[in-house]
Novice: 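Handing you this structure, nothing more for now.
Treat the numbers as computed from the prediction; the structure is a model and nothing was measured.
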Amino acid sequence: MALPQDPLWYKNAIIYQVHVRTFFDSSGDGIGDFRGLTQKLDYLQELGITALWLMPFFPSPLRDDGYDIADYRSVHPSYGTVDDFKKFLTSAHERGIRVVIEMVLNHTSDQHAWFQESRSSKDNPRRDWYVWSETDTRYRGARIIFLDTEMSNWAWDPISKSYYWHRFFNHQPDLNYDNAAVREEMWDIMKSWLEMGVDGFRLDAVPYLVEREGTSCENLPETHVIIKELRRKLDEQFPGRLLLAEANQWPADLRQYFGEGDEFHMAFHFPIMPRMFMGLKLEDRKPIIDILQQTPEIPEVCQWCLFLRNHDELTLEMVTDVERDYMYDVYARDKPMRLNMGIRRRLAPLLENDRRRIELMNGMLLSLPGTPIIYYGDEIGMGDNVFLGDRNGVRTPMQWDGGWNAGFSTADPESLYSPLILNPLYGYPAVNVQSQRRSEHSILAWMKRIIGVRKSTQVFGRGSIEFLHPANHRVLAYVRQLKSETALVVNNLSSSAQAVELDLKRYEGNILIEMFGKNIFPRVGKLPYLLTLGPYQFFWFRLRKI
Amino acid sequence: MLEACLAERSVLNDDFLRQLISVGEVDLLVGLPTFNNAKTLGPVVQAIRAGLLKHFPRERAVIINVDGGSRDSTPELVKAASITDLQLSSEVYTLRTLHSISTISGHGAATGPALHTIMAAAELLRAQACAVISPESINIDPAWLERLFRPVYRDHFDFVTPTYRRHKFDGLLLRNLLYPIMRALYAKRIREPYPSDFAFSGRFCNHFLEQDTFDHDESGSGTEISLVILAIAGSFRICQSFLGTKARAHRDSAELVPAMRHSVGPLFSSLDTNFPIWSANDGAQPVPTFGPESELTAESVRVNRKQLHQMFTSGVAELEPVLKSILSPQTLLEIQNIAKVVEDDFRYSHELWVKTVYEFAASYHKSVISRDHIIQAMAPLYRGKMYNFLVENRDASGEDVEANVEALCRTFERLKPSLLERWDGRK
């Protein structure tokens, strides 16, 4: 299958996020690898996803799950070789699946050769590749992100006897983007992967690239200059490839990262995710509409990325104190579930394994404006282990079957990179791909179905959105429109059945066709359109004037 | 029960029902009965909204206005308090939608039908706690919501009556009649048995709706005091909660008879059905109270006492034939005697006042004449007692007034046997 030649492919993509380490171990060493991932591409094709986002797979001491890169040009030996990667890439493309890889621009591991050189001497040519200071008092306006572990954004280096700047863990020194050599080198690295055929990059922690005194050191104009330069080179040399921004910011601040369509193609919409969970628990659409109304328009060629869960904690940075307290109380009562300013849990446990809520949340994920990202394992309702450190509880091995090591690896269980989920509710004997493949009514089967429906139209990926405002606040309803195609989405956020009257006057005369069963609903007339919805039920309708 | 009631004669019109469907299940419901209150309503609605958002940000809440058919913009003022995704407020932050809805009862100023509608809505919405706020409570602050709701929502009380900080000459009907007689007969020391701001539980609401008597009360009068009596008679958990300063009421003397119809009338009526309860009570029990039971202020105010005295004396003279049919000869004679006394020497003793009231109650029970005429006839005598109270307490401190009220209460309690004697016809 050839990749479709659509420069805006990302707008209709269904992205699947996976870490090579977690997916499938082909070598029997207890760690997932590229050969294993390649073997499982048929599964992903069957699921219906159209793009993969791979978490960092570069050589790394793995003190931050690979986000501490020690060599940007190679593959971590545990995951295979560059050749393995190339074969994987070719196989994915053959199945119509694009591959987006991680690029951590902001910082390296302190084990990276650049940093080792930089710290070795103040006269070293790479000294200025990092941000050094004789004091720890500069850039006081910058907040500390990892509050649970870091006391300062400066760390003392006993070798060079000075402080280095780090916005994340102290073993992740920030690169100095005021240095042209750094910028050149990073582009050269990106270029080498693009030449191999990768379809895009998720650029990690982009708001923090540049530091300036008297500022928050986030979202600075100088950062945008750097992004624009990267984008210009990308478009010139590799048209059709993608830049995806990871910037945990409010929508208004994020808007800058799209520029005039000359910075990022896509950016994660972080604040909507906690509000979807909040809206569901409150049984009230207000938090969702509030944040979407605060979301600015973006250039036509750009797109938001939506997700329910990912490899990090469910971040609560972009909520108010009242909202954060509420989210902790309703989704993370037990302390081990909380980390930094968020909740380290997977989708199914967050939703108490309630199939209806899992479907509703995925229904919204796939019908709100943006490109959806599905986190590996969530398509089968995998659980988590909040007793593993850091965010490792949501990064456990993929559960393929109910046999040895969940079908993930032939290694001894003790040698797996992470313990498997074993509890009776979410453990691999109960939740696995093989058993769900056998049932037409499993979550996996349902996910395939909804992805298929989403892909049957471009309206969800590219259409405009207009919220309806029925008096019943438990119902979230919106109309998506792309040229002559119109879809109506109605979500019941409540645990009880609801009646709702929709003002569809504009669509008078249209027939509603339910998009899953293709059944016809009554024609829209002059009166409000009355619908009844069961608990957590949702409808996707195509509106047709026949 | 409710379904049957609605089927026969619904208090919920279709438009209101549609609004209720949109509101859905709630934790807290604030009822706001109104009639031409636009001039004072704005701050009241704002305080209610602020109170809900501040003290109960996570709870599902609704403000329900039942309007008597205002010709000003009263319902619009209430509806404007909504916070939805269409009516986002830049000044306030809310976690969830707050509905503020309105319906017309068409019963004018009568609060009974409005309360009935509010309670029917509360049952449909499965409200755990409901508060009713008077649109005239212009001194309301957001904390009132917390003080009314918390005893029900958190402490599982079923009925919350208010206590206030009042001027010593405010609430005279309460202090000279309603509180003492309720205390003597129903054995509960409820300071505001005729409340305009109060709260109740969903459980109590369901009980109310099961009472046929309220279904047939077309006049809609006196529901507030009837609710208190219903709570007592049903052995519901009652408490009092101090709200704050009650704004001084500026009542016209012509409003006395309607006020007595709405309070004394239902109270006397309740004695018929609740005879087994009040006749067996022995000794008033204190009611759990959050905050002070009563606070009286004593700043000097101008009161037209002379008019009260005149109305008393003329009433006693003009209504003599009526009073003869209600009062015992001895009591009537004593009243006629004090009516002859000059203003400065006038004294309507507690003992005589209590006898008067009990004899009116017994005559009301026996319907010796039209019950409404009995209530009307009581008004001039009450004015005499009021005159006496104002004179006696002209220079009194709040504590002195309290002591005076306490003495009156004890007199009501001491003479309760005389009412029982009259009730069963021995006198």
Novice: Go through B/Y153 and B/E146 one step at a time and tell me if the side chain to side chain contact (heavy atoms under 4.5 Å, CB included) criterion holds.
Specialist: CA-CA 10 Å; B/Y153 193 62; B/E146 198 267 346; over 6 Å; no

Novice: Taking side chain as everything from C-beta outward and backbone as N, CA, C, O, which of these in B/E25 sits under 4.5 Å from a heavy atom of chain A? Side chain, backbone, both or neither.
Specialist: both

Novice: What I want to check is whether the side chains of A/Q256 and A/N219 have a donor and an acceptor closer together than 3.5 Å.
Specialist: no

Novice: To the nearest 0.5 Å, what is the distance between CE on A/M276 and NE2 on A/H269?
Specialist: 10.5 Å

Novice: Is it true that A/E317 and A/R324 have a side-chain N and a carboxylate O under 4.0 angstrom from each other?
Specialist: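 Result for this pair is no, no salt bridge flagged.
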
Novice: I'd like to check A/E323 versus B/L95 (side-chain heavy atoms, cut-off strictly below 4.5 Å). Are they in contact?
Specialist: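 Yes. Closest side-chain heavy atoms under 4.5 Å.
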
Novice: Sort by residue number and list every residue of residues 500-510 of chain A having at least one heavy atom under 4.5 Å from chain B.
Specialist: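 So the qualifying residues are A/E501.
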
Novice: Looking at A/F539, A/Y536, A/Y478, which hits side chain to side chain contact (heavy atoms under 4.5 Å, CB included) with A/N491?
Specialist: A/Y478

Novice: Relative to each other, are the rings of B/F159 and B/F200 parallel, tilted or perpendicular (30° and 60° limits)?
Specialist: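 Answer is parallel, since the angle falls under 30°.
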
Novice: I need the contact set between residues 54-77 of chain B and chain A: heavy-atom distance under 4.5 Å, sorted by residue number.
Specialist: B/R58, B/R60

Novice: When only pairs under 4.5 Å are counted, which of A/S494, A/P287, A/A471 shares the most heavy-atom pairs with chain B?
Specialist: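 Heavy-atom pairs under 4.5 Å are most numerous for A/A471.
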
Novice: Check for me whether A/R454 meets the cation-pi criterion with A/F460, that is, NZ or CZ under 6.0 Å from the six-membered ring centre and within 45 degrees of the ring axis.
Specialist: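 No, A/R454 does not lie over the aromatic ring of A/F460.
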
Novice: Is A/T320 close to chain B through its backbone or its side chain, or both, or neither, when contacts mean heavy atoms under 4.5 Å?
Specialist: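 For A/T320, side-chain heavy atoms alone lie under 4.5 Å from chain B.
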
Novice: Measuring heavy-atom distances to chain B, does A/N472 have an atom under 4.5 Å in its side chain, in its backbone, in both, or in neither?
Specialist: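 The answer is both parts of A/N472.
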
Novice: Can you tell which of A/D329, A/V475, A/I288 has the highest number of heavy-atom pairs within less than 4.5 Å of chain B?
Specialist: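 Max contact count across the listed options: A/D329.
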
Novice: What distance separates B/L20 CG from B/L125 CG, expressed to the nearest 0.5 Å?
Specialist: 5.0 Å

Novice: According to the interplanar angle, ranging from 0 to 90°, do the rings of B/H207 and B/F236 count as parallel (below 30°), tilted (30 to 60°) or perpendicular (above 60°)?
Specialist: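 Tilted, since the angle between the ring planes falls between 30° and 60°.
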
Novice: Of all of B/T97, B/V23, B/I101, which one pairs up most often with chain A through heavy atoms under 4.5 Å apart?
Specialist: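 Of the candidates given, the most pairs with chain A belong to B/T97.
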
Novice: What's the separation between atom CE in A/M364 and atom CG in A/L368, rounded to the nearest 0.5 Å?
Specialist: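 Rounded to the nearest 0.5 Å, the CE-CG separation comes out at 7.0 Å.
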
Novice: Start with the C-alpha distance between A/D290 and A/Q294, add both sets of side-chain angles, then the distance that settles side chain to side chain donor-acceptor pair (under 3.5 Å), and finish with yes or no.
Specialist: CA-CA 6 Å; A/D290 270 1; A/Q294 291 175 48; 5.5 Å; no

